[in-house]
Amino acid sequence: GAGVSQSPSNKVTEKGKDVELRCDPISGHTALYWYRQSLGQGLEFLIYFQGNSAPDKSGLPSDRFSAERTGGSVSTLTIQRTQQEDSAVYLCASSRTVGETQYFGPGTRLLVL
Amino acid sequence: RKEVEQDPGPFNVPEGATVAFNCTYSNSASQSFFWYRQDCRKEPKLLMSVYSSGNEDGRFTAQLNRASQYISLLIRDSKLSDSATYLCVVTRGDSSYKLIFGSGTRLLVRP
């Protein structure tokens, strides 16, 4: 079956612009996660959605970052007023339910000039 | 101090060699432990979970020492296709879903 998909695969933007990154989880997976991987760094947890529960936003690095998940499926991560330090690979993962194996998408490579 | 620490490597070994990676974690409340594999410019993929009793999957053996907060991965009979970055991953003690990743250990298997 289809895995987690993300779009765009690459995004180049200018400092100060807003960007939206999209994630389509595996069909039927109720849990969805966003991570960030900066150059030479480990993956960093950003936010978690589980069904209709309130999301865990504890990993978002600043209030410029927000995410939503519509209809319990597709999720969008929005970064407002991008900064150069936001340049990273943004990875989305989904799991059938909380605590089960997380399957990652291919990521969106964001470059802020 | 990072929550999960790994030797970044690279480990450069010949085909057929046995290689071991180590990892330490700082949160004694961590409940679940994994090794993920990440190929260059690709997403991480689960290699294996790590259990207290130790577990084996073909050429791969994982061990967990809770007292020392130490995790290991042993790869026997290395193949060229094993070349990748190996990520040590634990869950944060207060949740079962927040994966905390080490920075990874890079393995290069040469012919």
Side-chain angles (χ1 to χ4, degrees), chain A residues 2-7 9-10 21 23-26 29-51 53-60 69 75 88-111, chain B residues 1-10 21-27 29-51 55 57 60 62 71 73 84-107:
Chain A
V4 178
S5 62
Q6 292 186 243
S7 62
S9 53
N10 293 280
L21 312 179
C23 172
D24 275 279
I26 294 172
H29 280 196
T30 62
L32 186 148
Y33 318 78
W34 283 97
Y35 294 85
R36 176 170 73 172
Q37 187 171 30
S38 302
L39 188 64
Q41 303 294 316
L43 276 79
E44 171 191 13
F45 168 83
L46 296 178
I47 187 169
Y48 157 74
F49 296 90
Q50 169 63 48
S53 302
D56 178 350
K57 304 179 182 180
S58 59
L60 295 179
R69 188 178 185 193
S75 177
V89 178
Y90 289 82
L91 289 151
C92 175
S94 72
S95 63
R96 192 169 55 172
T97 188
V98 63
E100 297 205 8
T101 299
Q102 295 183 26
Y103 296 90
F104 284 81
T108 294
R109 297 182 177 279
L110 174 66
L111 178 61
Chain B
R1 184 189 171 191
K2 293 181 182 178
E3 286 190 69
V4 180
E5 300 248 24
Q6 294 182 252
D7 181 342
F21 305 140
N22 302 319
C23 164
T24 57
Y25 61 95
S26 61
N27 189 336
S30 295
Q31 295 293 325
S32 300
F33 309 89
F34 311 91
W35 284 101
Y36 274 71
R37 170 192 169 129
Q38 187 172 28
D39 292 285
C40 187
R41 299 179 72 83
K42 298 286 189 181
E43 70 273 22
K45 293 184 179 177
L46 179 66
L47 179 65
M48 59 196 303
S49 300
V50 187
Y51 304 114
N55 48 298
D57 182 1
F60 299 83
I71 305 163
L73 176 68
T85 296
Y86 291 82
L87 304 170
C88 177
V89 185
V90 309
T91 53
R92 188 164 284 161
D94 58 346
S95 74
S96 62
Y97 54 81
K98 276 183 203 171
L99 298 184
I100 309 300
F101 285 78
S103 299
T105 298
R106 191 169 171 214
L107 172 64

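Here is the naming used below: chain letters follow the sequence lines, and residue numbers restart at 1 for every chain.
Rounded to the nearest 0.5 angstrom, L43(A) CG and Q38(B) CD are separated by 6.0 Å. The OH atom of Y35(A) sits 3.5 Å away from atom CG of L99(B), with the distance rounded to the nearest 0.5 Å.
Interface remark: L87(B) contributes side-chain atoms only to the contact with chain A (heavy atom separation under 4.5 Å). Heavy-atom distances place no part of Y103(A) under 4.5 Å from chain B, backbone and side chain included.
Qualifying side chain to side chain donor-acceptor pair (under 3.5 Å) partners for T24(B), counting only residues two or more places apart in sequence or in other chains: none.
Residues E43(B) and Q6(A) bring no donor and acceptor atom of their side chains to less than 3.5 Å of each other.
At a heavy-atom separation below 4.5 angstrom, chain B is approached by L91(A), V98(A), G99(A) within residues 89-99 of chain A.
Taking the six-membered ring for Trp and thresholds of 30 and 60 degrees, Y97(B) and F45(A) have ring planes inclined between 30 and 60 degrees apart.
In terms of non-hydrogen atom pairs under 4.5 Å with chain A, the most contact-rich of K42(B), K2(B), R41(B) is R41(B).
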Applying side chain to side chain contact (heavy atoms under 4.5 Å, CB included) to Q102(A) and Y36(B), what does each step give before you reach the verdict?
CA-CA 11 Å; Q102(A) 295 183 26; Y36(B) 274 71; 4.1 Å; yes

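For the residue pair S103(B) and G42(A), the shortest heavy atom distance occurs at OG-N, 3.7 Å.
At most 12 non-hydrogen atoms from other residues, nucleotides or ligands lie less than 6.0 angstrom from CZ of R106(B).
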